[in-house]
Amino acid sequence: MSPPDTPRHTLRTVAPVLALCWLAVFFDGMDVNIYGAVLPHMLEDGGLGLGKATAGTIGSWTTFGMLVGALTAGNITDWVGRRPVLVASVSLFSAGSAVCASAANPALFGAGRFLAGLGLGGLMPLCLAIVMEFAPPRRLALTTGLLMTSYHVGGMAATGLGLTLAPAAGWRWVFWAGVIPAVIAVPLLLRLMPESPGVLLAQGRRDRADATADRYGLPRVTRVAAPAAGAKGRLDAVRALFAPESRFATPLLWLASFCGLLLVYGVSTWLPQMMLASGYGMTSSVSFLLVINAGGIVGMLIAGRTADRYGAVRVSAVWFVLTAAGALLLQAHLSLAATYAVVAVTGIWLFSAQVMVYAATSTVYPESARATGLGWVTGVGRSGAVLGPWLVGALADGGHDSWGFTVFALAGLGGAIAIALVPLARRAARGAGHDPAPPATGPVRGPVTEADGQT
């Protein structure tokens with residue numbers, strides 16, 4: 001329990017932590033979307049020698065690096081501390097952007113994207129875990145949505161660079177802009193980002209853990225809520241994902257994340273080129289990436305508030321279905337104004353459908369396994385992020401660019417089915433005599449509603 005003079009646990013008290021994570025994810029979104037924003041220019045650069053099939057493969061190298069980064073970071077962050085891993089993640093994707101900017105051939109460029117992917121993969125689940133730990137329990141979905149608006153603001157910044165800097169100075173300068181995070185974000189994170197109270201307690205630093213909790217208005221963490229230290233603690237956290245009460249829900253969360261990330265990274269990589277192939281102009285095609293990210297910002301705010309009321313599972317399932325409908329509409333060649341409208345509305349649903357999968361994850365696992373659970377949900381889901389850019393690139397190379405929209409629609413339906421089954425999996429565990437994980441009582445607590453399959 002916190003001392004009586006501790007500030008009340010509200011969004012205001014944890015705003016500094018949210019702001020730092022927002023900045024880190026902003027640069028994440030910028031780096032992820034840079035490739036799609038400049039890809040049409042890179043395909044026209046004869047000196048680089050990049051073809052559509054190779055471009056899709058490189059997009060998959062990026063997301064394969066994310067898969068490795070997510071799985072690795074999710075398992076070591078509670079051990080070495082979240083702040084050091086967060087700083088390392090930002091440094092890695094900044095270094096990868098520098099390699100891409102100076103690459104003389106597609107192979108070296110792909111190596112830079114893989115390096116960037118290692119950092120990007122670790123950053124997202126880490127920032128989500130930090131926000132979930134510090135956020136007020138009843139505002140978890142809203143806080144998660146606020147955090148993820150930064151990804152789309154970063155995507156809009158990347159698109160702005162693709163529209164202005166790439167035509168004027170060349171695509172390489174857009175990637176040089178990707179080095180900025182190492183200059184701005186790293187010093188701020190080192191100076192201002194607090195360490196997780198749970199991690200501090202697991203490391204035996206009780207005084208520091210209590211001081212951090214008191215400073216941000218959090219309940220003081222207990223040994224039960226703290227992640228176990230050492231290699232055994234990491235292994236136990238992974239095993240907890242398949243404990244009787246969550247063994248059915250875990251693969252469903254993984255499948256939903258697979259479908260969601262296939263959509264996110266397939267669209268981020270190929271939307272401008274797909275629209276260009278559909279007959280729209282270069283400026284309009286790149287602008288669609290700006291519009292869909294603007295829709296994503298609105299969607300995060302809507303989804304967060306809606307999920308706090310109706311449950312993250314319900315919101316994610318409905319959002320996935322609406323995304324599938326939007327993808328099918330984009331397959332038809334509409335007027336320019338109608339296409340902009342459809343892209344914007346699809347952006348509202350697409351990105352927040354995946355984020356609500358993360359919010360739903362927080363209700364499935366106990367606090368001691370939550371960072372690992374998020375890491376594996378995002379990490380395994382990265383296989384969808386690997387498949388999406390490669391598959392759409394292969395289709396485009398065969399002259400079937402429009403088939404990518406069908407792939408996106410099928411992914412939306414698959415995500416809706418998977419996430420909608422999570423409450424049934426929880427009830428099945430209860431019916432088999434395995435009580436679902438009890439509601440969280442520490443600082444990582446998430447929203448607990450009947451919509452998410454808990455009482």
Side-chain angles (χ1 to χ4, degrees), residues 9-11 14 18 21-22 25 124-125 127-152 246 249 252-257 259-261 263-264 295-326 345-365 367 370 373-374 377-378 381 412 415-427 436-437 439-440 443-455:
H9 188 194
T10 64
L11 280 178
V14 299
L18 178 60
C21 289
W22 196 98
V25 176
M124 185 68 74
C127 285
L128 285 165
I130 291 171
V131 166
M132 286 182 177
E133 179 170 8
F134 281 81
R138 295 183 180 277
R139 291 290 179 264
L140 182 66
L142 174 60
T143 309
T144 304
L146 288 172
L147 171 67
M148 293 306 297
T149 61
S150 61
Y151 176 92
H152 302 291
S246 58
L252 290 171
L253 289 169
W254 289 359
L255 178 58
S257 184
C259 294
L261 289 175
L263 281 163
V264 169
I297 294 173
V298 176
M300 292 301 169
L301 299 175
I302 295 174
R305 288 187 174 275
T306 308
D308 278 336
R309 182 172 181 180
Y310 296 105
V313 166
R314 287 178 179 173
V315 172
S316 182
V318 173
W319 265 224
F320 269 125
V321 171
L322 293 172
T323 298
V345 172
T346 302
I348 292 176
W349 318 125
L350 188 158
F351 300 102
S352 50
Q354 172 63 20
V355 173
M356 291 303 106
V357 173
Y358 299 147
T361 298
S362 71
T363 69
V364 173
Y365 302 118
E367 295 174 14
R370 193 153 300 160
L374 273 172
V377 166
T378 57
I417 293 170
I419 194 65
L421 289 175
V422 168
L424 296 179
R426 302 283 282 162
R427 294 189 187 104
V444 216
R445 178 175 160 194
V448 180
T449 67
E450 290 185 356
D452 287 328
Q454 293 183 308
T455 57

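In this structure, the side-chain contact (heavy atoms from CB on, under 4.5 Å) partners of L128, at least two apart in sequence or on a different chain, are M124, T144, L147, M148, Y358, L374. A420 is linked by a side-chain contact (heavy atoms from CB on, under 4.5 Å) to A317, counting only residues two or more places apart in sequence or in another chain. In this view, S352 and M300, A303, W319 satisfy the side-chain contact (heavy atoms from CB on, under 4.5 Å) rule, not counting sequence neighbours.
The closest side-chain heavy-atom distance from F320 to L263 is below 4.5 Å. Considering only heavy atoms from C-beta on, L253 comes within 4.5 Å of I419 through its side chain. Side-chain contact between V264 and Y151: present, with at least one pair of heavy atoms (C-beta onward) separated by less than 4.5 Å. In this structure, F134 and L18 have side chains that are not in contact, with every pair of non-hydrogen atoms separated by 4.5 Å or more.
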task: Decide side chain to side chain contact (heavy atoms under 4.5 Å, CB included) for L255 and C259; before the verdict, give the C-alpha distance in whole Å, the side-chain angles of both, and the deciding distance to 0.1 Å.
output: CA-CA 6 Å; L255 178 58; C259 294; 4.3 Å; yes
- prompt: How far apart are the C-alpha atoms of W22 and L146, what are their side-chain angles, what is the distance that settles it, and do they pass the side chain to side chain contact (heavy atoms under 4.5 Å, CB included) test?
  reply: CA-CA 8 Å; W22 196 98; L146 288 172; 5.7 Å; no
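Remark: the backbone N or O of A353 is paired with a side-chain donor or acceptor of S316 at under 3.5 angstrom. Side-chain atoms of S257 come within 3.5 Å of backbone N or O of V377 as a donor-acceptor pair.
Between L350 atom CG and L322 atom CG the span is 11.0 Å, to the nearest 0.5 Å.
The minimum heavy-atom distance linking A312 with A360 is given by the pair CB-N, 3.7 Å. The two residues G326 and T346 make their nearest non-hydrogen contact at CA-OG1, 3.4 Å.
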